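Comments concern the structure below.
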There are 2 protein chains.
Amino acid sequence: MNGSTTVEDYVKTIYGHTEWQPESITPSALAARMGLAASSVTEMVKKLAASGLVTHVPYGAITLTDQGRALALRMVRRHRLIETWLVESFGYGWDEVHDEAEVLEHALSDRMLDAISRQLGQPTRDPHGDPIPAADGTVRLPDAVLLSQASDGHRGAVVRISDRNPELLRWLDEHAVRLDAPIEVIERRPFGGALAVLVDGHPLDLGSDAAAAIWLAA
Amino acid sequence: MNGSTTVEDYVKTIYGHTEWQPESITPSALAARMGLAASSVTEMVKKLAASGLVTHVPYGAITLTDQGRALALRMVRRHRLIETWLVESFGYGWDEVHDEAEVLEHALSDRMLDAISRQLGQPTRDPHGDPIPAADGTVRLPDAVLLSQASDGHRGAVVRISDRNPELLRWLDEHAVRLDAPIEVIERRPFGGALAVLVDGHPLDLGSDAAAAIWLAA
DNA sequence: TCCCAAATTTCGGCATGCCGAAATAATACG
DNA sequence: CGTATTATTTCGGCATGCCGAAATTTGGGA
């Protein structure tokens with residue numbers, strides 16, 4: 001079957017491409033993100049457009065409709081709530097929650113989801129610091145800057161750590177770069193985006209990968 | 001896609017047909033249980049046989065192999081553990097757990113399942129009193145008789161209440177027929193299997209449906 | 001034993017999603 | 001402005017699972 005699961009994944013991926021901007025993406029980028037052939041994407045997008053989830057000008061970009069965005073937010077809420085749940089109630093680590101959540105977001109009923117949200121105290125951030133959309137689709141955007149764009153001397157607390165890279169997540173975890181850990185930028189390298197920072201008072205040299213994965217409270 | 005989910009459902013259904021006897025079933029009975037056309041079953045059974053999960057003599061019965069039984073037991077364990085979990089941790093009623101479990105049994109990882117089992121204290125019976133197979137496939141059969149076969153004067157405690165009939169489950173629940181509630185058979189009707197019994201000391205007239213759904217500790 | 005009815009299987013078809021190769025459109029650059 | 005590169009779409013095909021209709025097999029009864 002899976003009719004629904006596939007649609008949900010497409011929509012969520014389109015949304016995730018540029019979470020803070022108009023949700024549009026080119027077919028090739030979408031194909032790359034989903035690990036599919038471009039031709040598969042073209043076909044599926046045709047169906048998504050037919051059901052009113054996206055708009056698509058031929059040879060142009062794919063953009064979520066309001067309906068598509070609503071579905072995407074529903075899936076993002078599910079994913080992040082489940083990740084939080086796995087960490088809080090099942091002892092999963094940051095780096096271990098993604099795959100399980102990827103499956104469960106399509107399988108849990110709304111009733112379970114509600115119960116889980118209640119058990120967790122209606123959280124609004126997931127273990128990576130990403131906002132968990134409310135059930136009505138409302139999202140509170142974090143007031144944050146990308147760490148690699150922060151200026152020398154900038155100080156604040158980590159508010160978001162990108163998932164999807166288990167190795168990096170473990171490295172960050174080992175070096176005490178955790179959600180809400182205070183960070184101060186002490187040196188800014190001219191090229192490549194690498195930074196030296198203070199994390200919890202200790203100097204640390206962040207590669208550009210790590211810097212790109214961290215958002216700093218403004 | 002679902003390659004695996006479908007196989008799991010077939011095997012579980014074959015097993016469930018005659019849980020306490022050799023696990024074999026005719027194609028038509030299997031089709032009826034699964035709500036599928038007979039032709040679909042024929043085709044799928046061919047594939048199950050090819051992967052060594054069942055044996056099948058053409059035009060004859062379908063029988064689980066050891067490998068098939070192992071997979072079936074794995075799925076039964078998952079189903080019953082999940083049902084127990086939904087009742088214990090999420091406030092579901094007896095009659096509400098089946099559909100959710102039907103989905104989740106294919107979606108939860110072994111890791112989650114283990115954690116759930118641990119959180120529940122490694123239960124060996126589900127909310128209906130059915131045995132939960134151990135992770136290694138071991139099943140402890142309840143030492144019980146079918147209530148409708150119990151003789152007049154027979155007394156014991158309810159040990160099993162069949163699921164899959166929400167209306168009946170609610171009726172039983174309302175009349176205090178719960179797992180482990182003591183029952184005494186006070187009158188046995190000659191035809192139809194209906195019984196009058198004492199439940200928790202109160203006389204109650206059980207229709208034949210209810211009687212067929214209840215097992216009594218011997 | 002022979003034949004009929006019921007059960008089972010075979011066959012062509014359909015829907016979903018995916019792929020690679022070939023065709024086509026858009027874009028970029030000289 | 002024209003062409004070459006790149007992106008996108010179209011097309012035929014494949015795999016999984018399902019269906020109904022048309023064989024085929026089985027088993028019981030006359």
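All figures in this text were calculated on a predicted structure; none of them were measured in a lab. All chains are named by letter (A, B, ...) in the order of the sequence lines, taking the proteins before the strands, and each is independently numbered beginning at 1.
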How close or far is atom C1' of C/dT8 from atom CG of B/Leu30, stated in whole angstroms?
13 Å
Under the 3.5 Å rule, do the base of C/dG20 and the side chain of A/Ser39 count as making a donor-acceptor pair?
yes
Between D/dT16 (P) and B/Glu8 (CD): distance, integer Å:
16 Å
When you measure from the side chain of A/Thr6, which nucleotide among D/dC18, C/dG17, D/dT9 comes out closest?
C/dG17
Apply the test side-chain contact (heavy atoms from CB on, under 4.5 Å) to residues B/Leu108 and B/Arg78: give CA-CA distance (whole Å), side-chain angles for both, the deciding distance (0.1 Å), then the verdict.
CA-CA 9 Å; B/Leu108 292 174; B/Arg78 297 184 139 251; 4.2 Å; yes
Could you check how far CE of A/Met44 sits from C1' of C/dC19, rounded to whole Å?
16 Å
Just by modelled atom types, is the A/Ile132 backbone N or O under 3.5 Å from a matching donor or acceptor in the A/Arg77 side chain?
no
Side chain to side chain donor-acceptor pair (under 3.5 Å) between B/Glu8 and B/His106: does it pass, once the steps are laid out?
CA-CA 8 Å; B/Glu8 287 167 357; B/His106 304 295; 2.5 Å; yes
Assuming nearest nucleotide by heavy-atom distance, tell me which of A/Tyr59 and A/Met34 is located more 5' along DNA chain C.
A/Met34
Between B/Ala29 and B/Glu43, whichever has its closest DNA chain C nucleotide further toward 5' is B/Ala29
Under 4.0 Å, counting only non-hydrogen atoms across every strand here, what does B/Ser28 touch: a base, just sugar-phosphate, or nothing?
sugar-phosphate
Closest-nucleotide mapping onto DNA chain D: is B/Ala38 or A/Val41 further toward the 5' terminus? I mean the 5' end.
A/Val41
Over how many whole Å does the gap from A/Lys46 atom NZ to D/dC11 atom C1' extend?
10 Å
Between B/Tyr10 and D/dC18, is there a contact of a side-chain N or O with OP1 or OP2 at under 4.0 Å?
yes
Decide side-chain contact (heavy atoms from CB on, under 4.5 Å) for B/Ile82 and B/Glu102; before the verdict, give the C-alpha distance in whole Å, the side-chain angles of both, and the deciding distance to 0.1 Å.
CA-CA 9 Å; B/Ile82 290 165; B/Glu102 206 63 32; over 6 Å; no
Look at the side-chain N and O atoms of B/His56 and state whether any lies under 4.0 Å from the OP1 or OP2 oxygen of C/dT9.
yes
Could you give the CG-to-C1' distance, from B/Asp9 to D/dT16, as a whole number of Å?
15 Å
Whether A/Arg74 and A/Asp110 form a salt bridge (side-chain N of Lys/Arg under 4.0 Å from carboxylate O of Asp/Glu) is what I want to check.
yes
Gap between atoms NZ and C1', on B/Lys47 and D/dG17 respectively (whole Å)
6 Å
D/dC18, OP1 or OP2 - any side-chain N/O from B/Ser40 closer than 4.0 Å?
no
To the nearest angstrom, the CG-C1' distance between A/Leu36 and D/dT9 comes to 16 Å
